[in-house]
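Since we're looking at a predicted model, the values are computed, not measured. Just so you know, ligand 1 is whichever comes first in the structure, and atom 1 is the first atom listed for that ligand. All values below were derived from every heavy atom in this structure, side-chain atoms included, with hydrogens, water molecules and symmetry-related copies excluded.
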Amino acid sequence: MNSTATLNLKDPDLLRQAMLIDGEWVQADSGQTIEIRNPATGELVARVPNGGETETRRAIAAAERAMQGWRKTLPKERAKVLRKLYELMLENIEDLAVILTAEQGKPLVESRGEILYAASFIEWFGEEAKRVNGDIIPQNVDGRRILVQKAPIGVFAAITPWNFPSAMITRKAGPGWAVGCAGVIKPASQTPLSALALAVLAERAGLPPGVCNVVTGSARAIGGELTANPVVRKLSFTGSTEVGSLLLAQCAPTIKKASMELGGNAPFIVFDDADIDAAVKGAIAAKYRNTGQACVAANRMLVQSGVYDQFAKKLADAAAALRVGNGMDDGVVLGPLINGDAVQKVEEHIADAVEKGARIATGGKRHPLGGSYFEPTVLTDVSRDALIFNDETFGPVAPLFRFETEDEAIAMANDTPFGLAAYVYARDVGLIFRVVDNLEFGMVGVNEGMISTEVAPFGGVKSSGLGREGSKYGIDDYLEIKYVALGGL
Ligand SMILES: NC(=O)C1=CN([C@@H]2O[C@H](COP(=O)(O)OP(=O)(O)OC[C@H]3O[C@@H](n4cnc5c(N)ncnc54)[C@H](OP(=O)(O)O)[C@@H]3O)[C@@H](O)[C@H]2O)C=CC1
Ligand SMILES: O=C(O)CCCC(=O)O
């Protein structure tokens with residue numbers, strides 16, 4: 001099928017409009033497609049197959065077959081293939097970034113950053129492939145040794161969101177491929193092109209047919225099969241808590257291992273003794289990266305009363321200076337929101353906060369560029385019963401809440417069912433440790449607004465999910481432990 005896009009790619013072959021199943025690039029059985037539109041312009045970028053249950057079943061069967069050979073390869077051979085994939089991602093970074101910006105809207109500079117981040121998981125887990133060690137436990141009876149071996153869990157499924165269309169795939173598939181699993185990837189319907197481009201490179205890197213399958217189309221049909229099919233032994237999902245909890249329930253009858261990286265409601269706490277300029281810089285990164293569309297995005301700025309006014313003024317000035325526009329244009333740092341629904345949610349949160357007494361320090365409305373562009377916004381004096389305190393906005397709005405004491409800050413921060421990321425700005429080391437110990441979150445940035453890296457365990461507690469991705473911990477979910485009692489010695 002010819003491309004409908006006018007993307008200026010060095011390698012146009014990376015823009016695929018077909019699914020990869022068992023090493024074949026195919027269309028949906030029905031012949032139907034879904035349109036991929038650029039959120040910055042509304043232009044049609046491409047059409048991908050509208051696949052469903054039967055295509056997913058074939059992809060799972062292909063992964064099961066392919067895994068038989070792949071799991072037997074030496075770890076260093078798998079590491080070599082992943083290293084090659086990492087290198088190919090870097091060689092093709094410009095094209096991958098253009099594809100990502102075209103379907104997702106984030107500025108090119110952020111897309112390049114995401115490709116580097118995505119590639120880092122492939123590099124990291126390729127290296128970890130060689131370090132999947134077992135244990136020998138001292139005998140409990142004479143003449144026996146207890147061995148602990150680790151084996152690939154089986155076919156994995158990865159269901160990924162539109163906000164990080166490349167990195168969320170490699171953070172899941174990287175460890176799976178590294179330990180010898182094969183998988184089926186279902187990218188978000190708004191952003192399948194990055195997944196398909198990655199699959200092209202995975203083939204070129206030498207991943208055998210069937211080890212990497214990508215099925216695009218109906219979430220319900222594909223997700224239904226991925227969760228019901230007993231061959232799939234592991235599901236890794238990133239997305240909304242609502243869908244995550246549904247998928248967990250769907251996994252229950254076949255007792256699948258599941259990792260869930262779900263919603264957040266991150267507090268960003270600024271204490272009186274903090275370096276305010278550093279806190280503002282951190283807040284800009286933690287709040288406005290990807291136009292606020294990240295599960296680790298700062299959602300509630302909790303500011304101690306002694307520095308409240310100063311922080312509010314500096315943050316509003318810095319936010320107002322962020323250039324909004326088409327992510328393809330030089331100098332743009334804030335792209336459009338993903339779609340009209342996202343804009344509506346942002347508007348609802350602002351209207352509700354204002355109705356409950358908040359003041360708009362900057363922004364507060366749709367950007368003059370139109371479409372799904374929104375002004376970077378800072379709200380002050382926001383009430384704790386505002387919607388925005390309880391629900392992640394997923395947009396470029398920083399609401400400021402005032403607190404007096406350390407205990408009050410901790411209580412406010414923890415007053416949410418979510419527990420993904422939290423941020424703390426302070427200088428007093430004693431206070432920092434006390435606060436970190438008391439925060440019910442899986443990740444805490446202390447004097448850091450950007451905490452994501454392949455070497456650290458990413459994940460949350462409470463309604464933010466299950467399991468950890470990245471780092472040495474991220475490989476465990478793709479492994480089963482087998483204990484062998486070796487007697488007769
Ligand atoms: N934790 C995070 O990183 C993310 C959180 N969110 C939060 O969720 C809100 C809604 O975003 P949204 O994109 O709708 O997130 P979803 O949770 O709906 O989508 C995430 C992924 O799940 C898939 N999916 C959706 N429904 C099902 C289903 N019934 N069975 C199987 N897969 C399914 C989607 O496919 P498809 O695209 O085809 O619908 C997509 O691939 C955001 O505003 C934000 O608050 C969103 C994205 C990421
Ligand atoms: O927001 C998300 O859903 C993905 C996490 C982004 C990150 O790894 O920083």
| query | How about T160 and T238: does a side-chain donor come under 3.5 Å of a side-chain acceptor? | reply | no
| said: Between ligand 2 and R289, is the shortest N or O to N or O distance under 3.5 Å? | reply: yes
| task | Would you please indicate if the ring centroids of Y86 and F121 are separated by under 6.0 Å? | result | no
| Where's the contact between E469 and ligand 2, heavy-atom distance under 4.0 Å: side chain, backbone, both or neither? | neither
| said: If you apply the rule side-chain contact (heavy atoms from CB on, under 4.5 Å), what do you find for M168 with E261, and how did you get there? | reply: CA-CA 10 Å; M168 293 308 98; E261 207 267 272; 4.2 Å; yes
Ligand 1: which protein N/O atoms lie under 3.5 Å from its N/O atoms?
residue	atom	partner	partner atom	Å
ligand 1	1 (N)	G239	O	3.1
ligand 1	1 (N)	L262	O	3.0
ligand 1	13 (O)	W162	NE1	2.5
ligand 1	17 (O)	S240	N	2.8
ligand 1	17 (O)	S240	OG	2.6
ligand 1	30 (N)	A219	O	3.4
ligand 1	35 (O)	K186	NZ	3.1
ligand 1	37 (O)	S189	N	2.8
ligand 1	38 (O)	K186	NZ	3.0
ligand 1	38 (O)	S189	OG	2.5
ligand 1	41 (O)	T160	O	2.7
ligand 1	45 (O)	E392	OE2	3.1

| query | So which heavy atom in the protein is nearest atom 6 (C) of ligand 2, and how far is it from that ligand atom? | reply | F164 CE1, 3.5 Å
| query | Have D29 and T54 got a donor and an acceptor in their side chains that come within less than 3.5 Å? | reply | yes
| field | Ligand-residue contact atoms, ligand 2 with N163, heavy atoms, under 4.0 Å | value | 1 (O), 2 (C), 3 (O)
| Does any donor atom in the side chain of K234 or S259 lie under 3.5 Å from an acceptor atom in the other side chain? | yes
| message | Is the terminal nitrogen or CZ of K172 (NZ for Lys, CZ for Arg) located under 6.0 angstrom from the six-membered ring centre of Y478 and within 45° of that ring's axis? | response | no
| query | Out of G263, A421, C295, whose heavy atom is nearest to atom 2 (C) of ligand 2? | reply | C295
| said: Quiz question: by atom type and distance under 3.5 Å, do the side chains of K256 and T254 form a donor-acceptor pair? | reply: yes
| query | Quick one: is the NZ or CZ of R468 closer than 6.0 Å to the six-membered ring centre of Y473, and within 45° of its axis? | reply | no
| query | With atoms numbered from 1 as shown, which atoms in ligand 2 lie under 4.0 angstrom from a non-hydrogen atom of A294? | reply | 1 (O)
| With a cut-off of 4.0 Å, which atoms of ligand 2 are near a heavy atom of M168? | 4 (C), 5 (C), 8 (O)
| message | When you compare the side chains of T227 and Q250, does any donor N or O come within less than 3.5 Å of an acceptor on the partner? | response | yes
| query | How far is atom 8 (O) of ligand 2 from its nearest protein heavy atom, and which residue and atom is that? | reply | Y117 OH, 2.7 Å
| task | Provide, to 0.1 Å, the distance between atom 5 (C) of ligand 2 and the closest protein heavy atom, together with that atom's residue and name. | result | F458 CZ, 3.6 Å
| message | Do N299 and N265 pair up side chain to side chain, a donor and an acceptor below 3.5 Å, judged on atom types alone? | response | yes
| request: Report yes or no: is the cationic atom of R78 (NZ for Lys, CZ for Arg) closer than 6.0 Å to the six-membered ring centre of W177, at no more than 45° off its axis? | output: no
| What part of S452 sits under 4.0 Å from ligand 2 if we count only heavy atoms: the side chain, the backbone, both or neither? | side chain
| Any non-hydrogen atom of R171 lying under 4.0 Å from ligand 2? | yes
| field | Row check, F458 ring normal vs R171 NZ/CZ: under 6.0 Å, within 45° | value | yes
| Relative to the heavy atoms of T238, which atoms of ligand 2 are at a distance of less than 4.0 Å? | 3 (O)
